[in-house]
Structures are given as structure tokens and as C-alpha cells.
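Everything numeric in this text was worked out from a predicted model, so none of it was measured.
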Amino acid sequence: MGRNPQSSGKLRPIDLAREHGLSTQAVRNYEEAGILPAADRTPSGYRTYTPLHACALRTFLALLPGHGHRATTAIMQAVNRGAADEALRLVDESHAQLLDDRQTLRAVTGALRDARSSAGPARGATSGPGGTFIGPLAGRLGVRPATLRAWERAGLVLPHRDPRTGYRVYDGAAVRDAQLTGPTPCRHIRSWTGLRSCGRNWPAPRGRSRPTPYT
């Protein structure tokens with residue numbers, strides 16, 4: 001009979017943190033957010049973790065690049081509540097959204113390539129060296145910062161990097177490209193290029209992200 005992973009060893013916050021190059025505060029934050037199961041406490045009040053917590057942290061970090069912070073957090077919270085059906089439903093929904101995102105990227109690439117040649121300045125865009133960070137731009141467009149990073153990898157939106165901080169900075173042209181690529185690109189493409197139709201229905205935004213200047 002196998003051992004219960006919750007009782008097979010005691011780990012400190014630093015033990016979980018070191019494996020992934022995290023801070024101990026990040027580990028505590030993950031626990032408080034319900035991403036990790038609740039930790040036991042020593043008589044003096046210190047947290048003690050187990051290999052189960054280490055496995056949960058590895059799972060969260062493995063899911064994060066593909067599903068994003070919001071969906072991955074919801075999946076882990078459901079698992080920790082013992083709601084397996086809900087967790088699987090969330091995974092399925094996230095997979096469907098990721099597929100939709102990829103289809104959107106493919107469909108908009110051609111339209112964006114044509115629109116760039118005739119597009120004017122982005123309305124409401126901040127141009128010049130200041131620009132705007134990824135968090136505020138994602139909030140304005142109603143997408144996740146991870147979506148903007150995916151558009152960058154696909155070559156659809158090309159921010160520059162602040163030489164001092166390394167943060168992504170979106171100038172007027174990059175903001176315009178993000179608006180053209182975003183959840184309602186047909187509206188922007190029509191307004192700038194006179195196109196009557198983009199030939200497809202675009203997905204609704206997944207949800208607004210908290211506007212923070214992630215790199």
C-alpha cells in the first residue's frame with residue numbers, strides 16, 4: 001500500500017521556493033490564493049509543507065504558460081476543493097479558448113498585413129518614448145497580458161523594450177497593431193481601411209486582466 005504523500009515528509013517554504021527560483025513570499029501568496037493546499041502550522045506558527053504541496057506548485061507552474069494566470073488559478077482552486085469535474089471543465093474551456101486564439105491569430109495576420117500599409121495613428125495611443133506598458137494596454141483591449149505576448153511571438157504586435165527596466169513598451173504603432181489584432185479587429189480595420197467585412201466572427205474577450213506593467 002502506497003504512502004500518503006501528505007505525510008511522507010515536511011518541507012519549509014524555502015524548500016518549495018528554491019526549486020523554482022521563487023521567493024518564500026510568492027509561495028505563501030500561492031497558498032493564500034488557494035493555488036496550493038492549506039499548509040499545516042507548527043506549534044510556533046510556522047508553515048510546513050509536504051511533497052503534495054511541491055507537486056501542486058509544479059503543476060501550477062507547468063499550466064501557467066499555456067492557460068494564463070487566471071485560468072490556472074481557477075483550475076488549481078477547484079482541484080484543492082476536491083471539485084474534479086469543475087477543474088476538468090475549466091481545462092476544457094481554456095483549451096477551447098486557446099484554439100480560438102490561434103484561429104484568430106491566423107485569420108487576422110493577412111488583414112493586419114494589408115491594414116498596416118494604410119492605417120493612420122492609433123486613436124488614444126500614447127506615442128513617443130513614454131508609450132504604454134502591457135498591463136494598461138491589455139486592460140484597455142479587454143485581453144490578458146499573455147495574449148499580447150502571444151501576438152508578439154506571432155509577429156503581429158512589436159513593442160520595444162525599455163533599456164532601463166526591460167519592460168515592454170507599446171508606442172503608437174504597436175498600440176494600433178494591438179487594436180487591429182484585438183477582440184474587435186473588424187471594427188478597427190473597417191474604420192482605418194474601409195473594408196466592409198473581415199469574413200468571420202471574432203471571439204469575445206476572455207476577461208479583463210488587472211492592469212499591471214508586466215514585462
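With sequence neighbours excluded, the residues satisfying ring pair (Phe, Tyr, Trp, His ring centres under 6.0 Å) with Y30 are F60.
Using bins of under 30°, 30° to 60° and over 60° for the plane-to-plane angle, the ring pair F133/Y167 lands in the perpendicular bin.
Distance check, rounded to the nearest 0.5 Å: CD of E86 to CD1 of I75 gives 10.0 Å. In this structure, CD on Q77 lies 11.0 Å from CG on L36, to the nearest 0.5 angstrom.
Here the closest non-hydrogen pair linking P159 and E152 is CG-OE1, 3.7 Å. For the pair P145 and I134, the tightest heavy-atom approach, listed with the atom from each and the gap, is O-CD1, 3.5 Å. Minimum heavy-atom separation, T48 to R41: OG1-N, 4.3 Å. A17 approaches T24 most closely through the heavy-atom pair CB-N, 4.0 Å. The two residues I35 and A56 have their closest heavy-atom pair at O-CB, 4.4 Å. Scanning all heavy atoms of the two residues, the minimum distance from A62 to P65 falls at O-CD, 3.4 Å.
Side chain of H53 to backbone of P37: a donor-acceptor contact under 3.5 angstrom is found. Under a 3.5 Å cut-off, the side chain of S94 and the backbone N or O of L90 do not form any donor-acceptor pair.
Other residues, nucleotides and ligands contribute more than 12 heavy atoms inside 6.0 Å of the CG atom of D92.
Y49 is not listed as a side-chain neighbour of L57, based on a closest heavy-atom distance of 4.5 Å or more.
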Verdict with reasoning, L61 to L22, per side-chain contact (heavy atoms from CB on, under 4.5 Å): CA-CA 11 Å; L61 296 175; L22 301 172; 4.3 Å; yes

Does the pair L141 and T147 meet the rule for a side-chain contact (heavy atoms from CB on, under 4.5 Å), with working shown? CA-CA 10 Å; L141 297 176; T147 299; over 6 Å; no

Please step through side-chain contact (heavy atoms from CB on, under 4.5 Å) for the pair D177 and L156, ending with a clear verdict. CA-CA 7 Å; D177 291 344; L156 298 175; over 6 Å; no

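Applying the salt bridge (Lys or Arg N to Asp or Glu O under 4.0 Å) definition to pairs two or more places apart or across chains, those involving residues 22-39 are E31-R47, E32-R47. The stretch residues 16-27 participates, sequence neighbours left out, in these salt bridge (Lys or Arg N to Asp or Glu O under 4.0 Å) pairs: E19-R58.
Note on D15 versus R12: salt bridge recorded, some NZ/NE/NH1/NH2 to OD/OE distance being below 4.0 Å.
Among the candidates V169, D171, L137, the single residue satisfying the side chain to side chain contact (heavy atoms under 4.5 Å, CB included) test with T132 is L137.
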